[in-house]
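First up is the structure itself, then whatever we jot down about it.
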2 protein chains.
Amino acid sequence: MDKKTRIRFETRAAVIKALAHPTRLFLVDVLSRNEKCVCELTEMVGADISTVSKHLTVLRTAGLVEADKRGLQVWYRLRTPCVMNFFDCIESVIKSTGSSPVGCCVGRCKL
Amino acid sequence: MDKKTRIRFETRAAVIKALAHPTRLFLVDVLSRNEKCVCELTEMVGADISTVSKHLTVLRTAGLVEADKRGLQVWYRLRTPCVMNFFDCIESVIKSTGSSPVGCCVGRCKL
DNA sequence: TAACTATTTGGCAATATCGCCAAATACTTT
DNA sequence: AAAGTATTTGGCGATATTGCCAAATAGTTA
C-alpha cells in the first residue's frame, strides 16, 4: 500500500464522512431541490441554529454545498447533484437488508 | 419533520457511515474486483487482523458486503456494486475543490 | 449610533469511533 | 485429543464527533 493510495482513500473518506450524519443528509436532500437560507433550514431541522450552521460548515468544507450572503441571510445550495444518485443505491442496500438505524446520536439527534 | 422521515435519514446515514473510513473504502474497492479472505485483506491493509475483522463486520452489518466460511478462512465479497458508481462523484467533488484529508485517524491509521 | 436580526465561533460535556492486545471460538491436521 | 491456523470478540485508552449555550461577528433598520 503506497502512500499515494493511502491518501486517496483518506481524501475520499473525508468527503463521505461529511455525508455520514442524518441531519446533513437531510440538508443535502432539501438543498437538492432549492437553495435555502440557514434560518429556514434550521426551522426544518428543528435543532439549535448553531448546530445547523456547523453541519452546513462541514458540508461546505467537504465541497458538497456552497453559500453566499445576501443581506443578513446566508443562502446555501448543493454543489454536487451527483450525490443524489447515490441515495438510490443506499436505498437498495437498505431494502435488501431490512436494516434500521444504529449507534447514531442516540436520544440527542433531532433528526 | 415527522418521525418516519427522521428514521429514513438515520437509516441512510448508518449505511453511509459504514463507508466513511479510509480502510473500509479500501476494502470495498478491493472486494469490488474479487472476493478475498480476511488474511489476504489484512496483509493488504497492513493493520492488525482484529482491526480488519472489525471493519469487515461494520461493512457486513450495513449490508455492503457478505461473507462465507470455507475451512479455516472467511471469504468476503461486495454485495452492492452500485456503491462503486458513487466514487466517481466523490472524485469529482475532490477534483473541484482540491481537498485533502482532514481530521481522520491522525497518525494511527495505517490506511 | 443604538437596537435588532442572521449567522458563526468558542467551549464544554456527553457519546461514538478507532486500533491494538489478549482471549475466545471454530475448524483442521497430526 | 492436542497442537496449529484463521477469525472474531472483549476491553481499554486515545481521538473524534455532536449538540447546546453563550458570546462574537456582520449587516440592517430605526
Side-chain angles (χ1 to χ4, degrees), chain A residues 1 6 9-10 13-27 35-62 65-76 101-111, chain B residues 1 6 9-10 13-27 35-62 65-76 101-111:
Chain A
M1 166 68 48
R6 181 167 53 78
F9 284 102
E10 284 179 2
V15 176
I16 294 175
K17 200 176 288 196
L19 288 169
H21 189 282
T23 300
R24 294 196 291 269
L25 283 184
F26 175 76
L27 291 169
E35 61 175 7
K36 296 277 185 194
C37 63
V38 179
C39 53
E40 197 169 355
L41 292 168
T42 297
E43 190 174 6
M44 295 176 87
V45 170
D48 191 275
I49 188 174
S50 71
T51 299
V52 174
S53 175
K54 280 181 182 173
H55 280 307
L56 288 166
T57 298
V58 170
L59 290 171
R60 189 154 43 78
T61 301
V65 305
E66 58 189 1
D68 64 311
K69 190 159 196 175
R70 298 175 203 159
L72 281 177
Q73 299 179 325
V74 178
W75 289 75
Y76 280 82
V102 283
C104 173
C105 39
V106 180
R108 283 194 304 158
C109 180
K110 296 267 177 47
L111 191 55
Chain B
M1 169 62 50
R6 181 168 53 76
F9 284 102
E10 284 179 2
V15 176
I16 294 175
K17 201 175 289 196
L19 287 170
H21 189 284
T23 299
R24 294 196 292 267
L25 283 183
F26 175 76
L27 291 168
E35 61 176 5
K36 296 278 187 196
C37 63
V38 179
C39 52
E40 197 169 357
L41 293 168
T42 297
E43 191 174 7
M44 295 175 86
V45 170
D48 192 274
I49 188 173
S50 70
T51 299
V52 175
S53 175
K54 279 180 183 173
H55 280 307
L56 289 165
T57 298
V58 170
L59 290 170
R60 189 155 44 79
T61 302
V65 304
E66 57 190 2
D68 65 311
K69 191 159 195 175
R70 299 178 204 156
L72 281 178
Q73 300 178 326
V74 178
W75 289 75
Y76 280 82
V102 283
C104 172
C105 38
V106 179
R108 283 194 304 158
C109 180
K110 296 267 176 51
L111 194 57

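Side-chain atoms are counted along with the backbone in the values below, which use heavy atoms only and exclude waters and symmetry mates. We name chains A, B, ... by the order of the sequence lines, and we start the count at 1 in each one.
Rounding to whole angstrom units, CG of residue A/Leu19 and P of D/dT18 are separated by 12 Å. Protein atom CG of B/Leu27 is 11 Å distant from nucleotide atom P of C/dG19, rounded to whole Å. Rounded to whole Å, the distance from CZ on A/Arg60 to P on C/dT8 is 7 Å. For the pair B/Trp75 CH2 and D/dT5 P, the interatomic distance rounds to 18 Å; values are reported in whole Å. Rounded to whole Å, atom C1' of D/dT7 lies 15 Å from atom CD of B/Glu40. In this structure, A/Lys17 atom NZ and C/dT17 atom P are separated by 11 Å, rounded to whole Å. Following rounding to the nearest Å, B/Glu10 (CD) and D/dG19 (P) show an atom-to-atom distance of 11 Å. Regarding A/His21, its NE2 atom lies at a distance of 8 Å from the C1' atom of D/dT17, rounded to whole Å.
With sequence neighbours excluded, the residues satisfying salt bridge (charged side-chain N to carboxylate O under 4.0 Å, His left out) with B/Glu40 are B/Lys36. Among residues two or more places apart in sequence or in another chain, the side-chain contact (heavy atoms from CB on, under 4.5 Å) test is passed with B/Leu72 by none. In this structure, A/Glu43 has no side-chain contact (heavy atoms from CB on, under 4.5 Å) partners at least two apart in sequence or on a different chain.
Not a single donor-acceptor pair under 3.5 Å links the side chain of B/Arg6 to the backbone N or O of A/Pro22. Between the side chain of B/Ser53 and the main chain of B/Ile49, no donor-acceptor pair closer than 3.5 Å is present. In this structure, B/Arg24 contributes its side chain and B/Leu59 its backbone to no donor-acceptor pair below 3.5 Å.
Taking the side chain as every heavy atom from C-beta outward, A/Thr57 and A/Arg60 approach each other to under 4.5 Å.
Taking the six-membered ring for Trp and thresholds of 30 and 60 degrees, A/Phe9 and B/Phe26 have ring planes more than 60 degrees apart, a perpendicular arrangement.
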Footprint string (nucleotides 23-30 of chain C, 5' to 3'): B base within contact, S backbone only, - free, heavy atoms under 4.0 Å: ---BBS--

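When each of D/dT7, C/dA6, D/dT18 is scored by its nearest atom to the side-chain atoms of A/Arg24, the top-ranked nucleotide is D/dT18. In this structure, the nucleotide among C/dC20, D/dT8, D/dT7 sitting nearest to the side chain of B/Asp48 is C/dC20.
Inter-axis angle, ends of the helix from C/dT1-D/dA30 to C/dT30-D/dA1, five pairs per end, rounded to 10 degrees: 10°.
Within residues 49-57 of chain A, the residues that place at least one heavy atom under 4.0 Å from DNA chain C are, in residue-number order, A/Ile49, A/Ser50, A/Ser53, A/Lys54.
Contact record, A/Asp48 with A/Thr42: C-CG2, 4.3 Å, taken as the closest heavy-atom pair.
Taking 4.0 angstrom as the limit, B/Tyr76 places none of its side-chain polar atoms (N or O) nearer than this to OP1 or OP2 of D/dA6.
Annotation: the span from A/Met44 atom CE to A/Cys39 atom SG amounts to 11.5 Å, rounded to 0.5 Å. Rounded to the nearest 0.5 Å, atoms CG (B/Leu25) and CD (A/Glu10) are 10.5 Å apart.
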